[in-house]
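All remarks here apply to the structure that follows.
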Amino acid sequence: MPAFGFEEAKQRPLYARQRAWDAFEDALAIDVEPTLRRHEVRDASKRELHDAALRVLADHADEVADKVLEARGISPDATDT
């Protein structure tokens, strides 16, 4: 049984480069889904997986900011003086 139903879901677009999507899908297939299967969860829906990924991201917002800065060629450790 899914963690939550469609009525609780809000569909939104996410835009990412292909290599980021590939890495995300690989992480789900290689790391997340086998862990779930070991706990006898074989029917995790995309909405459950995406919701969990967004919750993890929210807990690691500083790392997200660092990745944006790095992609722009800015050192996350640099400070304005």
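Quick note: residue numbers are just sequence positions, from 1. Both backbone and side-chain heavy atoms feed into the values below; hydrogens, waters and symmetry mates do not.
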In terms of hydrophobic clusters joined by side-chain contacts under 4.5 Å, are [X] and [Y] together?
| X | Y | value |
| --- | --- | --- |
| W21 | V32 | yes |
| L14 | F24 | yes |
| L57 | L49 | no |
| L54 | L28 | no |

Flag if over 12 foreign heavy atoms under 6.0 Å of CD, E8: yes

Working to the nearest 0.5 Å, report the span between [atom1] of [X] and [atom2] of [Y].
| X | Y | atom1 | atom2 | answer |
| --- | --- | --- | --- | --- |
| I74 | D77 | CD1 | CG | 12.5 Å |
| E25 | Q18 | CD | CD | 7.5 Å |
| D26 | D31 | CG | CG | 9.0 Å |

Pairwise side-chain contact, R47 with H50, heavy-atom cut-off 4.5 Å (strictly under): no

Residue pair E48 / D43: nearest heavy atoms and the distance that separates them: OE1-O, 4.1 Å

Nearest atoms (heavy-atom pairs only) where A29 meets P34: O-CD, 3.2 Å

Side chain to side chain contact (heavy atoms under 4.5 Å, CB included) between H60 and V64, intermediate numbers included: CA-CA 7 Å; H60 297 273; V64 174; 5.6 Å; no

Listed partners of R55 passing salt bridge (charged side-chain N to carboxylate O under 4.0 Å, His left out), at least two apart: D51

